[in-house]
Amino acid sequence: QVQLVESGGGLVQPGGSLRLSCTASKSISSIFVMGWYRQAPGEQREMVARMFSDGSTNYADSVKGRFTISRDNAKNTVYLQMNSLKPEDTAVYFCYATVDNWGQGIQVTVSS
């Protein structure tokens with residue numbers, strides 16, 4: 001088991017940027033997958049971005065070219081850089097690590 005703590009959410013205007021951080025309670029270098037999911041009100045939780053231990057990544061089509069996932073193994077932290085934010089990006093964002101470890105979630109609101 002690993003505990004995950006997200007930070008960096010908040011309110012931003014459309015077109016703005018935010019960087020989410022997810023800090024793990026132990027080394028992440030051997031964790032197979034770490035990623036970000038999101039859930040908007042009344043919607044299913046969906047994968048946003050994930051990174052495998054070999055450094056490969058994949059993204060939801062809706063965020064490709066705007067969001068970037070990265071990891072700093074020395075800090076046990078995974079990041080999600082979100083640029084060109086849109087109102088439809090508004091959701092609670094959850095950090096995830098295999099197997100079945102979730103953070104508590106953090107609110108991201110994109111609104112003018």
Q. Just how far is it from atom OG1 of T57 to atom CD1 of I69, taken to the nearest 0.5 Å?
A. 7.5 Å
(Q) side chain to side chain contact (heavy atoms under 4.5 Å, CB included), that's the test. Do V5 and C22 meet it? Break it down for me. (A) CA-CA 5 Å; V5 178; C22 170; over 6 Å; no
Q: May I ask you to check whether Y37 and F94 place their ring centers less than 6.0 Å from one another?
A: no
Q. What about the rings of W36 and Y93, do their centers lie closer together than 6.0 Å?
A. no
Q.
Taking the side chain as everything from C-beta on, heavy atoms only, tell me whether R38 gets closer than 4.5 Å to E46.
A. yes
Q.
Test of understanding: with salt bridge (Lys or Arg N to Asp or Glu O under 4.0 Å), list the residues that count as partners of R45, not counting sequence neighbours.
A. none
**Q.** L18/Q81 under side chain to side chain contact (heavy atoms under 4.5 Å, CB included): CA gap, chis, key distance, verdict
**A.** CA-CA 6 Å; L18 281 176; Q81 178 66 44; over 6 Å; no
Q) When rounded to the nearest 0.5 angstrom, what distance separates CE in M34 from CG in N76? A) 8.5 Å
Q. Shared ILVMFWY cluster between V12 and V63, side chains joined below 4.5 angstrom?
A. yes
Q) Step by step, would you call F32 with V99 a side chain to side chain contact (heavy atoms under 4.5 Å, CB included)? A) CA-CA 9 Å; F32 182 56; V99 173; over 6 Å; no
Q. S17 and S84: which non-hydrogen atoms are nearest, and at how many Å?
A. OG-N, 4.4 Å
Q: Side-chain contact test, heavy atoms from C-beta onward, threshold under 4.5 Å: evaluate it for L20 versus M82 and give yes or no.
A: yes
Q. In Å and rounded to the nearest 0.5 Å, what is the CZ to OG1 distance from R50 to T98?
A. 10.5 Å
Q. Between S111 and P14, which heavy-atom pair has the shortest distance, and what is it?
A. C-CD, 3.6 Å
Q.
With rounding to the nearest 0.5 angstrom, report the CG to CD1 distance, L80 to I106.
A. 11.5 Å
Q: Assign the ring pair W102 / Y96 to parallel, tilted or perpendicular, where the plane angle (0 to 90°) is split at 30° and 60°.
A: tilted
Q. Any salt bridge (Lys or Arg N to Asp or Glu O under 4.0 Å) pairs touching residues 68-85, not counting sequence neighbours?
A. none
Q. Is there a side chain to side chain contact (heavy atoms under 4.5 Å, CB included) between S53 and I31 once you walk through the steps?
A. CA-CA 6 Å; S53 54; I31 295 177; over 6 Å; no
Q: Give a yes or no on whether a salt bridge exists between D89 and K86, defined as a side-chain N under 4.0 angstrom from a carboxylate O.
A: no
Q: Return yes when atom CD of E88 has more than 12 non-hydrogen atoms of other residues, nucleotides or ligands closer than 6.0 Å, and no otherwise.
A: yes
Q: Could you walk me through whether F67 and Y59 pass ring-ring contact (aromatic ring centres under 6.0 Å, His included), step by step?
A: CA-CA 8 Å; F67 290 12; Y59 295 89; 8.2 Å; no
Q) If only atom types and distance count, is the side chain of T109 paired as donor or acceptor with the main-chain N or O of T90 below 3.5 Å? A) no
Q: Say whether T77 and S21, considering side chains only, have a donor N or O and an acceptor N or O under 3.5 Å apart.
A: no
**Q.** Path from V78 to V2 over hydrophobic side-chain contacts below 4.5 Å
**A.** yes
Q.
For G9 versus V108, what's the shortest heavy-atom pair and its separation?
A. CA-CG2, 4.2 Å
(Q) Tell me if a side-chain donor or acceptor on E6 pairs with a main-chain N or O of C95 at a distance below 3.5 Å. (A) yes
Q) Mind checking whether Q1 and N101 have side chains closer than 4.5 Å, heavy atoms only? A) yes
